[in-house]
Amino acid sequence: MPHADHVDVSSVLKGTPPAGTRVTVRGWVRTRRDSKAGLSFIHLHDGSSFDPLQIVAPNALPNYESEIRKLTTGCAVTATGTLTASQGQGQAVELQAESVTVVGWVDDPEGYPIQQKKTSFEYLREVAHLRPRTNTLGAIARVRHCLSMAIHRYFHERGFFWVHTPIVTASDAEGAGEMFRVSTLDLANLGAIPKTHDGRTDFTQDFFGKEAFLTVSGQLNVETYCLALSKVYTFGPTFRAENSNTSRHLAEFWMVEPEIAFADLAADADLAESFLKYILSALLNERADDMKFFADRIDKDCIRRVEAFVTSPFERVTYTDAIAALEKSGKTFEFPVRWGMDMQSEHERWLSEEYIKAPVVVMNYPKEIKAFYMRMNDDGKTVAAMDVLAPGIGEIIGGSQREERLDYLDRRLAEMHLDPKVYWWYRDLRRYGTVPHAGFGLGLERTIIYATGMGNIRDVIPFPRTPGQAAF
RNA sequence: UCCUCGGUAGCUCAAUGGCAGAGCAUCCGGCUGUUAACCGGAGGGUUGCUGGUUCGAGUCCAGCCCGAGGAGCCA
């Protein structure tokens, strides 16, 4: 009889190796049901797929009464036996066990946090070390991996280079939000912190000889490689020290930021559309099992929504036209609509959900509400910025064509009271072989929320960091 | 940070200011090629913390801690 050692549950469920093969599987018990016919049914998960493998353990096994009948949710076991077509409903294949070995017991079955019945996501956050054993968090982990790999694959196949931009940054420059300070000065011993003659903290004596922070964006750094390698992206963790307490914000989250040279805003929008459709198509293709679960238990519309997203062309509208449409909508908004305002979520939602009814790219925002590095349009009032708004979630991507003209950039720095000396290397890019270039940022966690219908961003990252919370 | 709601058994939740309850889980028994199995029984509580009002507080009051939803900020 053929014997394949240590087969993943996912392979078995896909029919590899075929029925009749003798295999060993390894994993954790999800449920155990005993039958008077002299059998126990064990649903075994190893995380490789959404569905478990059913192990049929006959009472002839030597450890049947002493161990198998005592298995509870969470026990780790290995089982060896022959794959057979299932006699029962609910699964095509099952393992007829000739041996079941307990690798690790649950020593406190009643107190084991992961139970078969519903538990709240709030509770599961308190046991983040065990929650990947649940259906939902396991599915999220696989979805997260699938999207991450699709991101790399999309760029790699198109000749983009992955640039490892730094996590620690001393350019207090990105302007994307409050930053976490990085320091080796001894905060626990305030008297030992070096001071300058006027009584301020002397950061020249800190580790980097200057103030340093956790990055809020790799964009400025990745632009330097863009102007050498043409097509680049950065993908990694970013940090915001904002005191945001919402279901859509994390202090530590993952962001993808491509940057393309010889490109304008239209090319940037094209890239964003092609990119989003690629990674979400990959999700539908590769994680159909998990997506079916999300549609069944979390958000019945999620598959339809993602399918519509990847097939419908993105609408494009200028900020000015969007404001005009909002003004003519006849709707009363909590925040009144006027040209020059930063759009509120209620406005973005109306645009994508009621007016366009599709993903929409809003372009050319007033310069007053956008960052210094965004390229000035010829009207002198707007900049070449774009946001991709998705029905049901709002802003999913923010991007822009960057200002490649040094005189324009310096004027913007002055307007925003920023010190050009701090940006010396960023300005150099405009002095030495400058070219039009553009890029955008996509939040990985928000993409997962959008695709799965999960209600809280803290449940789509393994170990969420939020104000007051950095357990695990 | 602001507004609103919440914190009771391992989990999900009840309980008019008057005996601390149910379902699931756990344990025991029954039944069954079972599928969130089913049926019967048992054990399981410092009601988030500190103070106050009251004959009496899970319930009312104050402060604090924690969580959720919404807002702002944004990805």
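Because only heavy atoms are used, hydrogens play no part in the values below, and waters and symmetry mates are left out as well, while side chains stay in. Everything quoted here is computed from the prediction, not taken from an experiment. Proteins come first, then strands; the chains are lettered A, B, ... in the order of their sequence lines, and each starts at number 1.
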- Inter-nucleotide C1' distance (C66(B), C73(B)), Å rounded: 24 Å

Closest to the side chain of Arg446(A), out of A71(B), A68(B), A75(B), is A75(B)

| said: Taking A57(B) as the reference, what is the distance to G23(B) when you measure between their C1' atoms (whole Å, please)? | reply: 27 Å

Would you call Lys367(A) and Glu415(A) a salt bridge, using N to O less than 4.0 angstrom?
yes

Nearest-Å distance once atom C1' is located in both G44(B) and G10(B):
9 Å

Taken to the nearest whole Å, CZ/Phe440(A) to C1'/A75(B) is 12 Å

Under a 4.0 Å heavy-atom criterion, the protein footprint on nucleotides 30-35 of chain B, written with B, S and -, is -SBBBB

Are any of Ser247(A)'s side-chain N or O atoms less than 4.0 Å away from OP1 or OP2 of G70(B)? yes

For this session: Evaluate whether atom NE2 of His156(A) has more than 12 neighbouring non-hydrogen atoms of other residues, nucleotides or ligands under 6.0 angstrom away.
Result: no

Which is true for Phe335(A) with a 4.0 Å heavy-atom rule: it touches a base, it touches only sugar-phosphate, or it touches nothing?
sugar-phosphate

Rounded to whole Å, the CZ-P distance (Arg248(A) to C74(B)) equals 12 Å

Separation of G48(B) atom P from Tyr123(A) atom OH, nearest Å, is 17 Å

note: Glu122(A), atom CD; C5(B), atom P; distance rounded to Å ~ 18 Å

Heavy-atom nearest nucleotide on RNA chain B taken for Ala251(A) and for Pro467(A); more 5' hit belongs to Pro467(A)

* To do: Could you label the plane-to-plane angle of the His45(A) and Phe50(A) rings as parallel, tilted or perpendicular, counting under 30° as parallel and over 60° as perpendicular?
  => perpendicular

query = Quick one: the side chain of Ser244(A) and the base of C73(B), do they pair up donor-acceptor inside 3.5 Å?
reply = yes

Applying the Watson-Crick and G-U criteria (both distances under 3.5 angstrom) with [ ] for crossing and | for other-strand pairs, one obtains for RNA chain B (((((((..((((....[..)))).(((((.......))))).....(((((..]....))))))))))))....

**OP:** Assign Asp51(A) to base, sugar-phosphate, or nothing according to its heavy-atom contacts below 4.0 angstrom with the strands shown.
**Re:** nothing

What's the gap between C11(B) and U46(B) when it is taken at their P atoms, as a whole Å value? 12 Å

Exercise. Determine the interatomic distance between C1' on A20(B) and the same-named atom on G45(B); round to the nearest Å.
Key: 8 Å

- Item | Gap in Å between the two C1' atoms, one belonging to G51(B) and one to G70(B), rounded | 32 Å

Between His152(A) and Tyr233(A), is the ring centre distance below 6.0 Å?
yes

Sorted by chain and number, sequence neighbours left out, salt bridge (charged side-chain N to carboxylate O under 4.0 Å, His left out) with Arg248(A) holds for none

Practice task
Give one of base, sugar-phosphate or nothing for Arg297(A), where a contact means two heavy atoms less than 4.0 Å apart.
Solution key: nothing

How about Ser48(A) and Asp46(A): does a side-chain donor come under 3.5 Å of a side-chain acceptor? yes

Could you give the distance separating C28(B) and G21(B) at their P atoms, to the nearest angstrom? 26 Å

Q) Taking the six-membered ring for Trp, are Tyr423(A) and Phe372(A) ring centroids under 6.0 Å apart? A) yes

- Heavy atoms under 4.0 Å, any strand shown: does Ile396(A) hit a base, just sugar-phosphate, or nothing? sugar-phosphate

Determine the interplanar angle of the Phe275(A) and Phe440(A) rings, folded into 0 to 90°, and report it as parallel if under 30°, tilted if 30 to 60°, perpendicular if over 60°. tilted

Separation of C73(B) atom P from Glu348(A) atom CD, nearest Å, is 10 Å

Whole-Å distance, Arg133(A) CZ to A25(B) P, equals 20 Å

Phe309(A) and Phe314(A): ring-ring contact (aromatic ring centres under 6.0 Å, His included), yes or no, with the steps? CA-CA 8 Å; Phe309(A) 190 95; Phe314(A) 290 13; 5.1 Å; yes

Whole-Å distance, Glu126(A) CD to G10(B) P, equals 13 Å

| query | Looking only at side-chain N and O atoms, does Asn456(A) come under 4.0 Å of OP1 or OP2 in G69(B)? | reply | yes

Using a cut-off of strictly less than 4.0 Å, decide whether Gln344(A) has a side-chain nitrogen or oxygen near OP1 or OP2 of G72(B). yes

Using a heavy-atom cut-off of 4.0 Å across all strands, would you classify Arg125(A) as base, sugar-phosphate, or nothing? sugar-phosphate

Answer yes or no: side-chain N or O of Asp108(A) and base N or O of U26(B) forming a donor-acceptor pair under 3.5 Å. no

Lys370(A) NZ to C74(B) P, in whole Å, measures 8 Å

* To do: Answer yes or no: is there a donor N or O on one side and an acceptor on the other, between the side chain of Arg458(A) and the main chain of Arg465(A), under 3.5 Å?
  => no

For the C1' atoms, the ones on U16(B) and on A36(B), what distance do you get once it is rounded to whole angstrom? 36 Å

Please step through ring-ring contact (aromatic ring centres under 6.0 Å, His included) for the pair Trp254(A) and Phe235(A), ending with a clear verdict.
-> CA-CA 7 Å; Trp254(A) 281 60; Phe235(A) 181 24; 5.6 Å; yes

- Query: Just checking, any donor-acceptor pair under 3.5 angstrom between side chains of Ser49(A) and Ser10(A)?
  - Reply: no

With heavy atoms under 4.0 Å as the rule, sort Ser120(A) into base, sugar-phosphate or nothing.
-> sugar-phosphate

Regarding the side chain of Arg458(A), the nearest nucleotide among C74(B), U1(B), G69(B) is G69(B)

